[in-house]
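We number each residue from 1, following the sequence as shown. In this text, all values refer to a predicted model and were calculated from it rather than measured experimentally.
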Amino acid sequence: MTNVEWKPFSARHTEEGMANFTRLNEGVPEWLRESLWRWLSARLHRYVKETVSRGFKIAGHHTPSTEKIRRAERVARVSAEWQGNGRTDDDRKRGLGALRAILYKNDEAFLTVVDLELSELNLDSPECDLLERVLEESSSAWRVGKVVDRPGLVARIDRTVQVAAEGAELLDARAGRLLADAWKCAFSMNRDPSSSYRYAVRAVEAAAAPVLSPRDSIPTLGKMISALRDKPEKWNFSFKVDSAVDPKVVLLSMLQMLWTNEYTRHVDPDINAPLHVSQKEAESAVVLALTLVNWFASGAISAA
């Protein structure tokens, strides 16, 4: 394993060299390709037990899996142009080679198949650790993370933020689940910014409702904002007022910012208005929701 403190000569001596070394790389850069394929190829094999053929004993061995090759084609929406039936070891190897050739030409398909195979592992699997090391040493924009309850490729962001997001469910099961869905739609391979923003708002509603609207059968963030704005003295906040800022005003502003910027929940009469939130807006909403959910679920905000 590479020493995390080590940097190549060029990175140690020039700012440009450091920037090039640490810059995150989208897709599958050429220096990652072979290492990533080695990891994936092992997952695309199956074990064949010891058999006897024509009087000869054939020891147990690993061979490419026809089903996994075909599944990779289906899920990644690519064709390896392999027309074999996979009945012999040589034929299966040709199929695997054909898949490799097509994935090397299509970064998105390559990462999709890696993500698929990763999702079938356990979070504490050594194979997850191996893949994370390969991605990290390559300065990949992707890392091994938690997508809902399974391992998956997620955008490489601050590790502390990711751990906090993955642990949100421990504070509030319902809000945590919604936040996990928001996280998946914002940072996983299967991105959907508008859905991510919607889940982020719902996560905050789930965490804040028992505090701000405990008797409301249909609580919405909009109604909670109004309640807090009208009578802020009804709630306590673990932060105390100082000479520069009122913590409850900051809280109200954060809730308002999250609520009003989900502009796609209504159709704007302006034909030039965007129909969907952007990826950056979704990512910002999830990180904002993470803070708010933790405040409400941990008891930092409570009834007076």
Side-chain angles (χ1 to χ4, degrees), residues 1-2 8 20-51 53 58-148 150-156 184 187-191:
M1 181 178 294
T2 302
N20 289 332
F21 179 70
T22 58
R23 182 181 296 114
L24 296 181
N25 299 277
E26 297 286 346
V28 185
E30 58 184 14
W31 57 84
L32 168 60
R33 197 175 294 149
E34 289 295 331
S35 297
L36 192 61
W37 173 255
R38 182 180 292 271
W39 183 91
L40 178 60
S41 177
R43 295 287 307 159
L44 295 177
H45 280 68
R46 63 183 177 85
Y47 183 73
V48 178
K49 295 181 179 179
E50 181 182 275
T51 59
S53 177
I58 302 175
H61 63 285
H62 288 86
T63 186
S65 167
T66 301
E67 173 52 34
K68 287 194 172 187
I69 294 171
R70 294 304 187 198
R71 184 180 65 162
E73 290 181 303
R74 296 191 298 270
V75 171
R77 305 295 193 269
V78 295
S79 171
E81 299 183 0
W82 170 51
Q83 299 179 351
N85 54 29
R87 291 178 181 173
T88 67
D89 191 59
D90 286 342
D91 189 31
R92 291 189 291 274
K93 288 179 180 177
R94 283 192 292 271
L96 189 63
L99 179 64
R100 170 180 169 171
I102 201 68
L103 293 185
Y104 274 33
K105 299 176 183 177
N106 188 324
D107 287 1
E108 184 176 355
F110 201 161
L111 291 170
T112 295
V113 180
V114 169
D115 188 52
L116 171 65
E117 293 300 326
L118 180 61
S119 71
E120 296 189 338
L121 297 172
N122 293 320
L123 287 165
D124 58 355
S125 168
E127 293 175 81
C128 290
D129 294 337
L130 173 59
L131 178 58
E132 172 56 20
R133 187 179 69 183
V134 167
L135 294 171
E136 183 177 20
E137 291 178 347
S138 301
S139 287
S140 172
W142 299 98
R143 61 165 293 129
V144 176
K146 182 179 178 182
V147 180
V148 187
R150 305 298 305 170
L153 292 179
V154 298
R156 188 174 294 279
K184 176 184 68 175
F187 295 107
S188 76
M189 289 287 296
N190 302 310
R191 292 178 170 178

Take Arg71 and Leu116 through the side-chain contact (heavy atoms from CB on, under 4.5 Å) test and state the conclusion after the steps.
-> CA-CA 10 Å; Arg71 184 180 65 162; Leu116 171 65; 3.7 Å; yes
A side-chain contact here means heavy atoms from C-beta on lying under 4.5 Å apart; do [X] and [Y] qualify?
X: Leu123; Y: Arg150; answer: no
X: Val28; Y: Leu111; answer: yes
X: Leu135; Y: Trp39; answer: no
X: Pro29; Y: Asp107; answer: no
X: Val114; Y: Leu131; answer: yes
X: Leu103; Y: Leu40; answer: yes

Could you tell me whether a side-chain N or O of [X] sits under 3.5 Å from a main-chain N or O of [Y], the two making a donor and an acceptor?
X: Asn85; Y: Arg87; value: yes
X: Ser35; Y: Leu32; value: no
X: Arg143; Y: Val154; value: no
X: Trp37; Y: Phe110; value: no
X: Glu73; Y: Ala80; value: yes
X: Lys68; Y: Arg43; value: yes

Taking 4.0 angstrom as the limit, do [X] and [Y] come out as a salt bridge?
X: Arg94; Y: Asp90; value: no
X: Lys105; Y: Glu81; value: no
X: Arg46; Y: Glu67; value: no

Would you say Glu127 has more than 12 foreign heavy atoms packed within less than 6.0 Å of its CD?
->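 Yes, enclosed.
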Counting only heavy atoms not in Glu34, do more than 12 fall under 6.0 Å of its CD?
->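 Yes, CD of Glu34 has more than 12 neighbouring heavy atoms, counting only those of other groups under 6.0 Å.
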Would you name the heavy atoms of [X] and [Y] that are closest together and state the gap between them?
X: Trp142; Y: Arg156; result: O-NH2, 2.9 Å
X: Val147; Y: Gly152; result: CG2-CA, 3.8 Å
X: Val144; Y: Cys128; result: CG2-O, 3.8 Å

side-chain contact (heavy atoms from CB on, under 4.5 Å) evaluation trace for Thr112 with Met189 | CA-CA 7 Å; Thr112 295; Met189 289 287 296; 4.0 Å; yes
Out of Leu96, Leu99, Ile102, Asp91, which one pairs with Trp82 under the side-chain contact (heavy atoms from CB on, under 4.5 Å) rule?
->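 So, applying the side-chain contact (heavy atoms from CB on, under 4.5 Å) to Trp82 and each of Leu96, Leu99, Ile102, Asp91, only Asp91 qualifies.
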Distance-only donor-acceptor check, side chains Tyr104 and Glu30, under 3.5 Å |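 No, because no side-chain N or O of Tyr104 sits under 3.5 Å from a partner of the opposite role on Glu30.
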If you measure from OG on Ser140 to CG on Leu24, what distance do you get to the nearest 0.5 Å?
->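 Taking OG in Ser140 and CG in Leu24, the distance rounds to 7.5 Å.
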Rounded distance (nearest 0.5 Å) linking atom OG of Ser65 with atom CZ of Arg70 =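 Ser65 atom OG to Arg70 atom CZ measures 11.0 Å (nearest 0.5 Å).
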